[in-house]
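Comments concern the structure below.
Everything numeric here is computed off the predicted structure, so don't read it as measured data.
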Amino acid sequence: MELKFDPENPVYTHVINIDLVNQALDELEKEKVVGVDIESTSLDPHDTVILTVQIGTPVKSFLFDARQLKLGEIPRFKKFLEDNKIIKILHNGKFDYKHIKQNLNIEVANIYDTMLTEVVLNMGIGRGYYSLKELAGKYAGVDLQKAIRETFENMTPSTRLNESQLKYSAVDTLILFPVFDEQLKKLKKDDLVNIAKLEFAVTRVVGDMELRGVHIDIKKWKEIIKNTSAKRDGIAKMFQKEIRPFFKSNTIDLFGNIGDCININSQAQLMDLFNNKMHLSLPSTSDGILELVNNPIAKMLRDYRGYEKLVSAFGENLISKINKKTGRIHPEFNQLGTSTGRFSCNNPNFQQIPRQSEDAPFRACFTPEPGNKLVTTDYSTMEMRIMADLSGDQSLISAFQKGVDVHSHTAALMFGLDLSPNFAKDHPQERFAAKSINFGLMYGRGSNSLARQIGVSSEKGKEYLDTYFKLYPGVRRFLDKVAKEAVKNGWSTTPAGRKRWYIKPDKDDPDYQRKIGSIERQAKNHPIQGTNADATKYALVFLQEKIKEQGFDASPVLTVHDEVVCEVKEDQAEEWAKIQSKEMCRAGELFIKKVPVECKPFVADLWEH
DNA sequence: AGAGGTGGTG
DNA sequence: CATGCACCACCTCT
C-alpha cells in the first residue's frame, strides 16, 4: 500500500486564529471522512487542559490550538464535529468524546473507532485493547514515535508546542486513514459492519455514562464498612484463639500480647492447619469444601471470609475513587471487555458490587443526587427467553407465551407434577433441579456436574438430562448445531451478527478432545449471552436518542449485563421510567420475536430494590 | 511482576 | 482422565 503522507514530514497547519479556522473548515467541509484526535494534559476529562484538536484529511492535518482559541464557542467548528454526515475516524474515541464534551461542550457524532473495530474483528482470539502504534504497524507499515506523547503532560498554560509535538499530532490523524481503509475491507469480508456500527453508537453512550458517574452516600457506606470490619475482626480473634492449641509456642509481641498463630488469609498456612494439625484432609480451603466440613473452626473461617471479602474488595478502596472535581465515582466501562460482547467494568467494578443484604446493603449506598431519582430496569429471564427463541422449541416458547414461571413449568413437566400456583413453595427441590438444567445448558453443562449440584448420582443426572431433552427437543437440536458449526467454521455468531472466533486445536494435540469440548461449550453460550449483550447495547443507544429527542434531564449511569440504571430529574422520573422500559423492550424485540420480552422499571432513591 | 486461589456479579 | 459461560479485585507466594 502507498502512503499518502510522509510520516517524517507530515503536511499540517497549526490553526491559531479565527481566519485559519475558517480556512481549515473550508477544506475539511469538503470531506466525507476525516481523522480526529486530541492532545491533552491529563487522562481525567474533569481535570484536564485540551491542547489541540487535530482534524485531518488523508493528506493534511489541521491542528486547532485549543488554548489560543475557544473552540467550543465557534459554531462552525462545533457544527462540523457534531455533523452526522461526516465520518470521524478516531482511535479509542471514547476518550476524545469525553474530553471534548466535558471541556468544549461538543458531542462528536458519527464516530468510526479503529480500536473498537480491531477488537470486533478479533473477538475471542485477540485482546481487549490495541494501541494505534500497533495498528499503524500492522496495516500501514509505519512505526509511530510515541515517546513525544509524554511531553504533553508537562505542558503549562503558556508553553508553546514545539515542532516535533506538532508533527507527532499531525501524524496521529493521517495514520488513521490507511488503518480505516484496511479494516473496512475486513469488516465487510467478515460481515461485521453492522456490529461495528452498533459499537460506535454505544461509545457515545458509554462516554456520557462515564462522564456522569454515580453518586454515593459516603456516610452510609462508611458505616457499613465500619460494622463489617468490626464483625470480621471479632471472628478473626476467635479463630486465632481456637486454633492456638494446635501450635506449640505462642508468639509474643513487644507489648506482651499474644500474636496470631497463622495468617488467616494465607491459603498455604490454612492447608497446613487443616491437614497437618487437624487431619481433615481437605483438597482446598474453598467455601464449597468448608461447607461440607462439620467443624467450628471451618465455620469461623467461612464467616470471616464473608466479611473480609466485603471489606477488602468493596471497602475503603471505593472511597478513594471518588472524583475530587465531581464528588462522584466514575467507573470505567469497557464495551468490548468480553469475548461474547458484554461490557466489563473496572475502577471500580460496579458489576460485582454485592446484591442487597441485611448485613451489608452496599447497593443502597448508590443514590441519586438530591432532586433526582434512579430508574432501574432489567430484562427478566432474558437468556432463557433468548434460548427459547433461537432454538424455536415449541414447548419452551409456549411456556413463555403463557407467562408462567419457566423453572416451575419445566419441573412440573419433568417430574409429572401439577403446575399449581404454589409450585415453587411446594416443590422447591424439583424446581431447583429444573432451574439448574435450564441455566446449565446455556453454559454447555454436562450431566456429571449437573448431578453434583443437585445432589443425585451421575446416572440420575443423565436421566434428568434425557427427560429434559425429550420435553424440549428443539433446545438439544439448537445447542448441538451451534456447537458443531463453531468447530467446523471456527466461529459462532449472534443473530445481530456478532462473531466469536475459535482457534482449532491440531489433530495430534494431546488435549484435542478437551479443547474441542471447550469450544463447544463456549459456542453454545455465545449466541445466548451475546444476544443479551446486543439487546442491552441497542437499548442504551435508543435511550440516549430518546433523552435527546424529548429533552429529558436524564442520563444512563450504570449497566450490568441485563440491566440499565438512569439518573433522572425527580419530576420527570415516572414519565421517563415508562420510556426506559419501552425502549429496552423494543431493543430486545429486535432479536426475540417468538416470546414476549419483559422489563419493568423501578423508580427509587437507591440502586436496587 | 505474574500466577494461583478465592469469591463477588450476571 | 475430566468435562459450567462471562468477567474483575484482593490476597499470598514465588
- Task: Could you check whether the rings of A:Trp491 and A:Trp501 sit parallel, tilted or perpendicular, using 30° and 60° as the cut-offs?
- Result: perpendicular

Taken in chain and number order and not counting sequence neighbours, the residues that satisfy side chain to side chain donor-acceptor pair (under 3.5 Å) with A:Arg204 are none

Ordered by number, residues from residues 461-497 of chain A within less than 4.0 Å of DNA chain C (heavy atoms) are none

ask   = Are OP1 or OP2 of B:dG8 and a side-chain N or O of A:Asn349 less than 4.0 angstrom apart?
value = no

So, with a heavy-atom separation below 4.0 Å from DNA chain B, the residues of residues 560-568 of chain A are A:Val560, A:His561, A:Asp562

Inset, instruction - For A:Ile353, answer base if it contacts any base atom (sugar-phosphate contacts may also be present), sugar-phosphate if it contacts only those atoms, and nothing otherwise; contact means non-hydrogen atoms under 4.0 Å. - result: sugar-phosphate

Subject >> Heavy-atom neighbours of A:Gln429 CD exceed 12 at 6.0 Å >> reply: no

* Asked: Mind checking whether A:Phe439 and A:His407 have parallel, tilted or perpendicular rings, split at 30° and 60°?
  -> tilted

Original post:
Which part of the nucleic acid, if any, lies within contact of A:Asn347, taking any heavy atom under 4.0 Å across all strands shown: a base, the sugar-phosphate backbone alone, or nothing?
Top reply: sugar-phosphate

Sequence neighbours excluded, the answer for side chain to side chain donor-acceptor pair (under 3.5 Å) partners of A:Asp190 is none

note: A:Leu270, atom CG; C:dC13, atom C1'; distance rounded to Å ~ 14 Å

Whole-Å distance, A:Asn265 CG to C:dA9 P, equals 19 Å

Rounded to whole Å, CG of A:Leu318 lies from P of B:dG8 at a distance of 17 Å

**Prompt:** With a non-hydrogen cut-off below 4.0 angstrom, is A:Arg302 in contact with a base, only sugar-phosphate, or nothing?
**Reply:** nothing

Q) Would one find more than 12 heavy atoms of other residues, nucleotides or ligands at under 6.0 Å from atom NZ of A:Lys470? A) no

Rounded to whole Å, CG of A:Leu336 lies from P of C:dA6 at a distance of 16 Å

Here the salt bridge (Lys or Arg N to Asp or Glu O under 4.0 Å) pairs for residues 228-239 of chain A, sequence neighbours left out, are A:Lys231-A:Asp359, A:Arg232-A:Glu308

Contacts of A:Phe239 meeting ring pair (Phe, Tyr, Trp, His ring centres under 6.0 Å) (sequence neighbours excluded), chain-then-number -> none

* Asked: Does A:Ser266 have a side-chain nitrogen or oxygen under 4.0 Å from the phosphate oxygens OP1 or OP2 of C:dC13?
  -> yes

With sequence neighbours left out, the residues meeting ring pair (Phe, Tyr, Trp, His ring centres under 6.0 Å) with A:Phe469 are none

- Query: Looking across every strand, which nucleic acid part, if any, lies under 4.0 Å from A:Asp378 by heavy atom: base, sugar-phosphate, or nothing?
  - Reply: nothing

Name the orientation class of the two ring planes belonging to A:Trp607 and A:Phe350 (parallel below 30°, tilted from 30 to 60°, perpendicular beyond 60°). tilted

In whole angstroms, the gap separating C1' of B:dG8 from CG of A:Asn346 amounts to 15 Å

A:Arg232 atom CZ is separated from C:dC11 atom C1', nearest whole Å, by 12 Å

Checklist entry - Expressed as a whole number of Å, how far does the C1' atom of C:dC1 sit from that of B:dG7? => result 28 Å

Sequence neighbours excluded, the answer for salt bridge (Lys or Arg N to Asp or Glu O under 4.0 Å) partners of A:Asp191 is none

Atom CD of A:Gln352 and atom C1' of C:dA6 are separated, to the nearest Å, by 13 Å

So which protein nitrogen or oxygen atoms get under 3.5 Å of nucleotides 3-6 of chain B's nitrogens or oxygens?
{"unit_1": "B:dG5", "atom_1": "O3'", "unit_2": "A:Gln267", "atom_2": "OE1", "d": "3.3"}
{"unit_1": "B:dT6", "atom_1": "OP1", "unit_2": "A:Gln267", "atom_2": "OE1", "d": "2.6"}
{"unit_1": "B:dT6", "atom_1": "OP1", "unit_2": "A:Gln267", "atom_2": "NE2", "d": "3.4"}
{"unit_1": "B:dT6", "atom_1": "OP1", "unit_2": "A:Thr285", "atom_2": "N", "d": "3.0"}
{"unit_1": "B:dT6", "atom_1": "OP1", "unit_2": "A:Thr285", "atom_2": "OG1", "d": "2.8"}
{"unit_1": "B:dT6", "atom_1": "O3'", "unit_2": "A:Arg305", "atom_2": "NH1", "d": "3.4"}

Rounded to whole Å, CG of A:Asn532 lies from P of B:dT9 at a distance of 18 Å

Those residues at least two apart in sequence (or on a different chain) that pass ring pair (Phe, Tyr, Trp, His ring centres under 6.0 Å) with A:Tyr538 are A:Phe591

CG (A:Asn276) with more than 12 external heavy atoms under 6.0 Å
yes

Listed pairs, N/O of protein and of nucleotides 2-5 of chain C, under 3.5 Å:
{"unit_1": "C:dG4", "atom_1": "OP2", "unit_2": "A:Ser449", "atom_2": "OG", "d": "3.3"}
{"unit_1": "C:dG4", "atom_1": "O3'", "unit_2": "A:Arg521", "atom_2": "NE", "d": "3.2"}
{"unit_1": "C:dG4", "atom_1": "O6", "unit_2": "A:Arg445", "atom_2": "NH2", "d": "2.9"}
{"unit_1": "C:dC5", "atom_1": "OP1", "unit_2": "A:Arg521", "atom_2": "NE", "d": "3.0"}
{"unit_1": "C:dC5", "atom_1": "O2", "unit_2": "A:Gln529", "atom_2": "NE2", "d": "3.3"}

Cation over ring face, A:Arg385 and A:Tyr379, 6.0 Å, 45°: no

Across all chains, not counting sequence neighbours, the side chain to side chain donor-acceptor pair (under 3.5 Å) partners of A:Asn275 are none

